[in-house]
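Accompanying notes for the structure given below.
Side chains included, hydrogens not; waters and symmetry mates left out as well; all remaining heavy atoms used. For this chain, numbers begin at 1 and follow the sequence in order. Read the numbers this way: they start at 1 and go in the same order the structure lists the ligands and their atoms. These numbers come from a predicted model, not from an experiment.
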Amino acid sequence: MIKVTVWNEYFHERNEAPVAAVYPNGIHGCIAAFLGADAEFCVRTATLDDPECGLTEETLCDTDVLLWWGHCAHDKVPDEVAERVCRHVQCGMGFIALHSAHFSKPFRRLMGTTCSLCWREGDRERVWNIAPSHPIMQGVDACFELEQEEMYGERFDIPAPDETVMLGWFAGGEVFRSGCCWTRGLGRVFYFQPGHEYYPTYYHPSVQRILANAVRWAAPQYRVETIECPRTESVEELRRKKKEALA
Ligand code: ZN
């Protein structure tokens, strides 16, 4: 089983009726529902209002992949929680930043750049699968359309991705690196652009397929409890001492 935590700031759905109409159980509820239908995943959710944002040391130790949706409350996430998330990623936990999480504290810290982009609400997006052999894009059509999505355009101020698996084209003419992969320390990071709160993006079958694939891809291959910077003895010296002791 892959242990998944879906985090959401959970503000828009509780304060804006049109958003609540699209996501009555919150964006996290929608994502947890479709991921939870996969027998391979054990899914929990966490939100900003939970103690320590629902991201305690214990929860993160018990999380293989963390998905993150945030928009207007990035600053309300304590630095301590953001640092904790980054440390777990560096130790091997997978991290998937969704849509406006490009400006979330953990994502910006993991990238080391501003992660800015240009945007405009309400456009049609055609998403291109440019890496059909990549684990995240397997089984996804060559392209699919989102009738309504927020336009996110280049330049996206990110470090060059290890792999770019999706390109987004918008009816207004802009393009965007819509699916990007990195490793940070031992952990895998995926940025996924679609998912504006006003539109039913997370109900789209291709979106659900990509996110389920991304969870499998980001699950730790190898994980440690901590990464230290130890002074070590020479291996040759230790061998020599052992030989001497045996002689
Ligand atoms: Zn948005």
Side-chain angles (χ1 to χ4, degrees), residues 6-35 45-49 53 66-77 82 85 95-111 113-128 144-158 161 164-180 189-211 214:
V6 183
W7 190 89
N8 182 13
E9 67 180 20
Y10 198 25
F11 176 84
H12 296 288
E13 302 96 317
R14 292 186 299 166
N15 293 280
E16 292 165 53
V19 182
V22 182
Y23 295 108
N25 300 314
I27 288 172
H28 56 301
C30 172
I31 294 172
F34 74 75
L35 289 179
T45 60
T47 65
L48 184 66
D49 286 347
C53 300
L66 174 64
L67 292 94
W68 189 286
W69 198 99
H71 177 230
C72 60
H74 295 315
D75 289 347
K76 297 211 165 60
V77 174
V85 168
F95 183 75
I96 299 175
L98 302 167
H99 186 60
S100 37
H102 72 94
F103 258 174
S104 66
K105 281 187 182 177
F107 185 68
R108 293 174 89 171
R109 274 160 211 240
L110 288 165
M111 294 297 108
T113 54
T114 68
C115 302
S116 68
L117 44 78
C118 63
W119 60 277
R120 181 177 63 248
E121 275 182 272
D123 213 334
R124 180 167 55 88
E125 179 176 9
R126 186 173 297 136
V127 180
W128 289 91
F144 62 92
E145 292 200 11
L146 299 168
E147 278 308 313
Q148 279 197 300
E149 189 45 81
E150 182 174 19
M151 188 285 292
Y152 273 13
E154 298 285 349
R155 182 177 170 263
F156 189 14
D157 186 30
I158 46 173
T164 304
V165 297
M166 289 160 49
L167 279 186
W169 171 90
F170 293 86
E174 294 86 357
V175 293
F176 194 71
R177 287 168 288 175
S178 292
C180 302
V189 177
F190 182 55
Y191 174 77
F192 181 78
Q193 164 261 315
H196 188 59
E197 65 274 12
Y198 275 78
Y199 312 130
T201 301
Y202 294 115
Y203 296 97
H204 194 289
S206 296
V207 168
Q208 295 188 355
R209 175 87 190 223
I210 290 166
L211 291 181

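Aromatic pair Phe107/Phe190: centroids not less than 6.0 angstrom apart. You'll find the ring centres of Phe103 and His71 outside the 6.0 Å limit. Note: His204 and Phe144 meet the aromatic proximity criterion, with ring centroids under 6.0 Å apart.
Look at Glu121 and the Zn ion (ligand 1): no N/O/S atom of the residue is under 2.8 Å from the metal. Not one N, O or S atom of His71 sits under 2.8 Å from the Zn ion (ligand 1).
Of the angles at the Zn ion (ligand 1), the one spanning OE1 of Glu150 and ND1 of His196 is 90° when given to 10°.
No side-chain N or O of Asp157 forms a donor-acceptor pair with one of Thr113 less than 3.5 Å apart.
The atom of His99 nearest to the Zn ion (ligand 1) is NE2, with the search restricted to N, O or S atoms.
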